[in-house]
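Below is one structure, written out as structure tokens; comments come after it.
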Amino acid sequence: MSAINRQWTLVKRPEGDDFAAALKWQETPKPVPQVGQALVRTVSLSLDPANRLWMKEEPSYIPPVPLGGPMWGGIIGIVEESRTPEYTPGELVTGLGGWADYKLAGPGEMSKVTPIPGVPLTAFQSVLGATGLTAYFGLLDVAKPKAGETLVVSAAAGAVGSIVGQLGKIKGCNVIGIAGSAEKCARLVHEFGFDHAIDYRKEDVRARLAELAPARADGGGGVDMYFENVGGEIGNAVYENLAMRARIVLCGLISQYNTVGTPVGADLTKVLMRRATMHGYLILDYFSRAPEAVAELAGWVAEGKIRYDEDIVDGLEHTLEAFKRLFAPGGAHTGKLIVQVSEPTL
Ligand SMILES: NC(=O)c1ccc[n+]([C@@H]2O[C@H](COP(=O)([O-])OP(=O)(O)OC[C@H]3O[C@@H](n4cnc5c(N)ncnc54)[C@H](OP(=O)(O)O)[C@@H]3O)[C@@H](O)[C@H]2O)c1
């Protein structure tokens with residue numbers, strides 16, 4: 001194995017999407033584990049929109065990534081050396097690591113990954129990882145779908161959104177996805193089984209939703225649940241079409257993560273008029289219940305009821321250009337974005 005640790009160092013807080021100025025490629029000696037630590041080599045690195053929030057000066061749900069060190073990210077890794085009984089060389093682990101070849105893991109920092117025969121290891125970062133769990137608990141525990149209800153999800157062709165929509169179909173809902181290209185919309189309907197898809201870059205989302213989820217006698221629209229991943233104008237267009245007592249899972253606001261200054265606020269007038277419930281939701285609060293979700297999701301994947309896309313980029317050196325793709329409306333990215341860094345063997 002290499003004696004070098006390649007890493008993307010956060011040297012300044014990015015302005016907008018100027019990631020090239022904020023992150024610099026550096027090569028340092030491979031770190032040496034002290035007593036109580038293990039040396040973990042990164043096998044695959046999850047790239048998530050939330051990483052952009054972690055780069056900011058203000059804390060999100062974790063402290064800001066310190067300047068001068070590696071950018072943080074979720075990893076699957078293999079233990080190369082260990083000076084603690086907690087980790088055994090050759091073992092696969094997952095947890096918070098860096099945009100780097102190596103991490104020194106202390107007590108309790110990483111949890112073990114038990115591969116499932118026939119399931120790629122990367123699935124533990126996509127459908128069976130935080131992404132799948134986000135969709136699972138956000139929809140099933142927060143929104144609590146009932147058969148026959150209308151569910152709308154934005155960033156629907158992405159990692160979280162594509163699973164949310166399929167879970168909605170399993171629960172018997174009428175599912176409408178909002179995505180950024182005709183190709184993505186076709187995939188939502190023909191591959192993922194959504195009932196309808198709206199291309200927000202070509203179509204009037206407000207008007208299309210009024211057609212697909214028409215107003216009801218009680219004065220509301222027809223959207224019973226909205227899984228919000230985007231915010232901004234897309235969110236506002238959905239709020240206009242909310243049913244009375246609608247439930248909104250506020251999962252993400254990707255359209256605002258690169259905004260310099262304060263983002264333009266949502267128009268919540270209809271949320272008020274329709275007496276909707278908006279629930280700020282972080283998967284962090286559900287990690288202790290991961291086993292039940294993983295078991296059920298793995299079952300649905302095995303039965304072919306849930307399909308999942310992975311967008312796997314080969315090589316740590318391509319991390320920065322890959323990360324930018326998350327923030328490209330209508331870009332080529334679909335499904336879970338993962339960087340393959342090394343092989344999962346010693
Ligand atoms: N609350 C939680 O615990 C939690 C956990 C995981 C993720 N999330 C949130 O879930 C959302 C989706 O995350 P993901 O990992 O599944 O990413 P993703 O959907 O796989 O990728 C992001 C997608 O967002 C869309 N997008 C990017 N910039 C946009 C903009 N300015 N306007 C409209 N759409 C834009 C793009 O799709 P189009 O081509 O369709 O525009 C892009 O492909 C994010 O908001 C993320 O922060 C929350």
Side-chain angles (χ1 to χ4, degrees), residues 16-17 45-56 60-62 73-74 125-127 129-139 141-143 152-167 176-188 192 194 197-203 205 226-238 248-260 263-264 266 278-287 289-290 293 308-313 322-338:
D17 65 354
L45 167 67
S46 171
L47 294 183
D48 296 282
N51 298 159
R52 176 65 184 87
L53 302 176
W54 307 351
M55 293 175 186
K56 297 189 181 202
S60 51
Y61 49 92
I62 57 171
Q125 287 175 311
S126 60
V127 65
T131 294
L133 301 188
T134 300
Y136 182 94
F137 288 113
L139 187 69
D141 219 81
V142 180
V152 173
V153 54
S154 51
V160 173
S162 59
I163 308 292
V164 169
Q166 293 178 85
L167 290 172
I176 303 169
I178 302 173
S181 71
E183 292 74 21
K184 289 183 180 184
C185 287
R187 188 157 177 73
L188 290 179
F192 292 125
F194 285 45
I198 302 173
D199 177 352
Y200 71 87
R201 294 169 71 236
K202 292 271 165 57
E203 299 178 84
V205 179
Y226 176 40
F227 201 102
E228 170 71 285
N229 283 325
V230 171
E233 275 311 302
I234 292 178
N236 286 340
V238 184
I248 301 162
V249 183
L250 186 48
C251 176
L253 296 166
I254 194 167
S255 70
Q256 304 180 353
Y257 294 173
N258 285 327
T259 302
V260 178
V264 176
M278 187 181 262
H279 188 120
Y281 160 69
L282 285 178
I283 186 56
L284 279 185
D285 298 333
Y286 285 89
F287 277 150
R289 289 176 55 192
Y308 61 100
D309 280 342
E310 292 180 343
D311 180 347
I312 300 182
V313 174
F323 185 64
K324 272 193 157 182
R325 291 207 268 125
L326 284 175
F327 302 95
H333 157 73
T334 54
K336 181 74 199 98
L337 187 58
I338 294 170

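On a predicted model such as this, the values are computed, not experimentally measured, just so you know. When a ligand or atom number is given, it counts from 1 through the structure's own listing order.
Ranked by closest heavy atom to atom 37 (O) of ligand 1, the top entry among H333, K184, R52, K336 is K184. Nearest to atom 47 (O) of ligand 1 by heavy atom, out of F137, Y257, F227, is Y257. For atom 35 (C) of ligand 1, the candidate residues are I254, L284, L250, L326; the nearest heavy-atom contact is made by I254. Remark: among candidates I163, D309, I283, the nearest residue to atom 2 (C) of ligand 1 is I283, based on non-hydrogen atoms. Proximity annotation for atom 31 (N) of ligand 1: of C185, S255, C251, S255 comes nearest, heavy atoms only. Of the candidates A130, S126, P49, S46, P49 brings a heavy atom nearest to atom 13 (O) of ligand 1.
When each atom of ligand 1 is checked for a heavy atom of G331 under 4.0 Å away, the hits are 39 (O). Here is the list of ligand 1 atoms found below 4.0 Å of a heavy atom in P329: 29 (C), 30 (C), 31 (N), 39 (O), 41 (O). The contact set between ligand 1 and A179, taken as ligand atoms under 4.0 Å from a residue heavy atom, comprises 40 (O). Of all atoms in ligand 1, listed by their number and element, those nearer than 4.0 Å to a heavy atom of A159 are 16 (O), 18 (P), 19 (O), 20 (O). Counting the atoms of ligand 1 from 1 in the order shown, those under 4.0 Å from a heavy atom of G158 are 18 (P), 19 (O), 20 (O). Distances below 4.0 Å separate heavy atoms of L253 from the following atoms of ligand 1: 45 (O). Less than 4.0 angstrom separates some heavy atom of Y281 from each of these atoms of ligand 1: 1 (N), 2 (C). Every atom of ligand 1 is numbered from 1 in the order shown, and the set under 4.0 Å from a heavy atom of N229 is 10 (O), 11 (C), 44 (C), 45 (O).
In this structure, L188 CG and Q166 CD are separated by 9.0 Å, a value rounded to the nearest 0.5 Å. Here the straight-line distance linking atom CG of D311 with atom CG of L337 works out to 5.0 Å at 0.5 Å rounding. Atom OG1 of T131 sits about 4.5 Å away from atom NZ of K336, to the nearest 0.5 Å. Here the straight-line distance linking atom CZ of R201 with atom OG of S181 works out to 7.5 Å at 0.5 Å rounding.
Between I234 and V230, the shortest heavy-atom distance links the atoms CD1-CG1, 3.8 Å.
No more than 12 heavy atoms of other residues, nucleotides or ligands shown are found within 6.0 angstrom of NZ on K202.
At least one heavy atom of G330 sits less than 4.0 Å from an atom of ligand 1. Judged by the shortest distance from any of its heavy atoms, A157 lies outside the 4.0 Å radius around the atoms of ligand 1. Contact analysis puts G335 in contact with ligand 1, with a non-hydrogen atom separation below 4.0 angstrom. Ligand 1 lies less than 4.0 angstrom from a heavy atom belonging to L282.
Residue L139 is tested with V160, V153, L167, V249 for a side chain to side chain contact (heavy atoms under 4.5 Å, CB included); the sole match is L167.
Remark: K184 does not engage D199 in a salt bridge, criterion side-chain N to carboxylate O under 4.0 Å. Under 4.0 Å is where a charged nitrogen must lie from a carboxylate oxygen, and between D17 and R52 no such pair does.
Taking the six-membered ring where the residue is Trp, F227 and Y281 present perpendicular rings, their angle passing 60° and hence far from 30°.
A donor atom on one side chain and an acceptor atom on the other are found under 3.5 Å apart for Y226 and S154.
At a 3.5 angstrom cut-off on N or O pairs, G252 does not count as close to ligand 1. For ligand 1, one of its N or O atoms has an N or O atom of Y200 under 3.5 Å away.
Scanning all protein heavy atoms for the shortest distance to atom 40 (O) of ligand 1 gives G180 N, 2.8 Å. With hydrogens left out, the protein atom closest to atom 16 (O) of ligand 1 is V160 N, 2.8 Å, a heavy atom.
Y61 has its side chain within reach of L284: a pair of non-hydrogen atoms, C-beta onward, lies under 4.5 Å apart.
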